[in-house]
Amino acid sequence: MNVPFRHRTEAGRTLAQSLSHLAGREDVLVLAVPHGGVPVAFEVARALDAPLDLAVVQPILYSRGPSSRDVTLGLLGAPAALQLHEATLNALDLSDEALGQALSRARRQLRQRVRAMRPAAPVPSLEGRTVVVVDDGTATGMTLRRAAGLLRRAGARSLVAAVPVGAEEALRLLANEFEEVVCCAQPEPFVSVSDGYDSYPDVTDAQVRELLARAWSGYAPRKKDRGEVGLRADIPSP
């Protein structure tokens with residue numbers, strides 16, 4: 001299988017070309033799924049001349065005991081949104097106190113995650129916006145589908161899922177949740193997102209903060225090297 005992309009920056013620039021019909025529109029907002037989606041979304045937002053921020057999903061977990069697996073009661077999102085799984089709550093018949101404790105714990109975890117990745121700044125409003133949700137790839141579509149439900153609750157008018165690489169079945173499922181699904185490559189056989197990249201380093205909280213700060217300051221000029229924007233990774237030239 002030929003590797004479609006050398007690194008996330010190249011993937012983001014290619015993905016932006018497939019989203020050029022959204023360029024310059026004032027209603028467009030690009031939200032990155034952290035961590036790996038941020039370098040990709042940085043390039044997409046820059047090319048579209050659109051604001052960039054994060055789409056963070058935090059599961060609300062409930063533990064039934066030390067030997068039991070946690071149960072997901074719902075999801076919290078940043079931008080602010082809440083989605084409870086009513087069927088699960090009814091089946092467990094939780095007390096208000098138990099549900100409140102689970103919600104408080106999830107809110108605390110979400111705040112900690114967001115503070116670690118995002119410089120202090122007002123959260124953009126989603127009301128009436130076309131929101132482009134960007135990740136570095138999708139194998140199952142689960143993360144993006146979870147984000148879609150929360151973003152609609154937060155007021156998004158229209159949702160676009162955008163990934164450089166994806167599995168065919170995942171993309172089919174995303175089409176049920178998003179008005180538009182954009183994917184540049186569907187490697188066969190699809191094993192994992194990382195297989196779509198020649199270089200696939202972890203992205204840290206600090207690197208996410210750096211890229212967001214650069215985007216919010218109007219984007220710095222493109223680097224002369226061919227490595228990932230904002231990431232200290234040495235990518236060999238072809």
Side-chain angles (χ1 to χ4, degrees), residues 8 11-12 14-23 25 27-38 40-45 48 50-61 71-90 106 110 113-114 123-188 190-193 196:
R8 292 183 181 92
T14 302
L15 185 60
Q17 295 174 10
S18 298
L19 294 163
S20 60
H21 58 288
L22 299 175
R25 283 177 37 176
D27 67 315
V28 171
L29 171 66
V30 177
L31 295 182
V33 176
H35 290 68
V38 178
V40 180
F42 179 91
E43 294 296 333
V44 170
L48 299 185
L52 174 66
D53 217 301
L54 300 179
V56 187
V57 176
Q58 175 66 44
I60 305 166
L61 301 178
V71 177
T72 301
L73 304 179
L75 303 169
L76 283 172
L82 169 65
Q83 183 176 17
L84 294 175
H85 298 166
E86 296 294 342
T88 301
L89 292 174
N90 292 335
L110 179 62
R113 291 177 61 196
V114 171
V123 177
S125 172
L126 270 60
E127 289 291 337
R129 305 294 289 267
T130 294
V131 179
V132 183
V133 190
V134 179
D135 205 348
D136 57 9
T138 184
T140 66
M142 181 59 69
T143 300
L144 288 165
R145 290 164 61 198
R146 285 178 168 180
L150 290 169
L151 294 172
R152 288 200 192 280
R153 288 173 180 267
R157 178 180 60 82
S158 179
L159 294 175
V160 179
V163 292
V165 295
E168 181 179 358
E169 177 64 12
L171 298 172
R172 186 184 67 80
L173 293 172
L174 290 175
N176 297 325
E177 308 288 340
F178 289 81
E179 277 72 29
E180 183 178 359
V181 178
V182 176
C183 179
C184 301
Q186 299 177 47
E188 290 291 347
F190 191 99
V191 179
S192 67
V193 170

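- Under a 3.5 Å cut-off, the side chain of Glu179 and the backbone N or O of Leu159 do form a donor-acceptor pair.
- In terms of heavy atoms, Leu19 sits closest to Ala162 at CD1-CB, 3.9 Å.
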Thr143 and Val57: side chain to side chain contact (heavy atoms under 4.5 Å, CB included), yes or no, with the steps? CA-CA 8 Å; Thr143 300; Val57 176; 5.6 Å; no

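- Between Leu31 and Pro79, the closest side-chain pair of non-hydrogen atoms falls below 4.5 Å.
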Check the pair His85, Thr72 against side chain to side chain contact (heavy atoms under 4.5 Å, CB included), reporting the backbone distance first and the verdict last. CA-CA 8 Å; His85 298 166; Thr72 301; 3.9 Å; yes

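- Using a 4.5 Å heavy-atom threshold, the side chains of Leu15 and Glu43 count as separate.
- A pairwise comparison of heavy atoms in Ala170 and Thr140 identifies CB-C, 3.4 Å as the closest pair.
- Heavy-atom contacts from other residues, nucleotides or ligands closer than 6.0 Å to CD of Glu168 number 12 or fewer.
- The CG atom of Leu73 lies 7.0 Å from the OG1 atom of Thr88; values are rounded to the nearest 0.5 Å.
- Taking every heavy atom of both residues into account, Ala41 and Ala32 meet most closely at CB-CB, 3.4 Å.
- Using a 4.5 Å heavy-atom threshold, the side chains of Thr130 and Val160 count as touching.
- Here the CZ-CG distance, from Arg129 to Leu151, works out to 12.0 Å after rounding to the nearest 0.5 Å.
- At distances below 3.5 Å, at least one donor-acceptor pair connects side-chain atoms of Arg8 with backbone N or O atoms of Gly36.
- Taken to the nearest 0.5 Å, the CG atom of Leu144 stands 11.5 Å off from the CG atom of Leu173.
- Arg146 contributes no side-chain N or O that, together with a main-chain N or O of Pro59, makes up a donor-acceptor pair within less than 3.5 Å.
- In terms of heavy atoms, Arg25 sits closest to His21 at CD-O, 4.2 Å.
- Closest heavy-atom contact between Ala81 and Leu150: CB-O, 3.2 Å.
- Annotation: the span from Leu61 atom CG to Leu75 atom CG amounts to 9.5 Å, rounded to 0.5 Å.
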Start with the C-alpha gap between Leu54 and Val114, add the side-chain angles, then the distance that decides, and say whether side chain to side chain contact (heavy atoms under 4.5 Å, CB included) holds. CA-CA 9 Å; Leu54 300 179; Val114 171; 5.8 Å; no

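- Two residues are said to be in side-chain contact when any heavy atoms from C-beta on lie closer than 4.5 Å; Leu82 and Ile60 meet this criterion.
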Side chain to side chain contact (heavy atoms under 4.5 Å, CB included) between Asp53 and Val123, intermediate numbers included: CA-CA 8 Å; Asp53 217 301; Val123 177; 5.6 Å; no

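- Rounding to the nearest 0.5 angstrom, the gap separating the NE2 atom in His35 from the CG atom in Asp135 is 12.0 Å.
- The CZ atom of Phe178 sits 11.0 Å away from the CG atom of Leu171 when rounded to the nearest 0.5 Å.
- In this structure the side chain of Gln17 never reaches within 4.5 angstrom of the side chain of Cys184, judged on heavy atoms.
- Closest non-hydrogen pair, Arg157 versus Gly128, comes out as NE-O, 3.4 Å.
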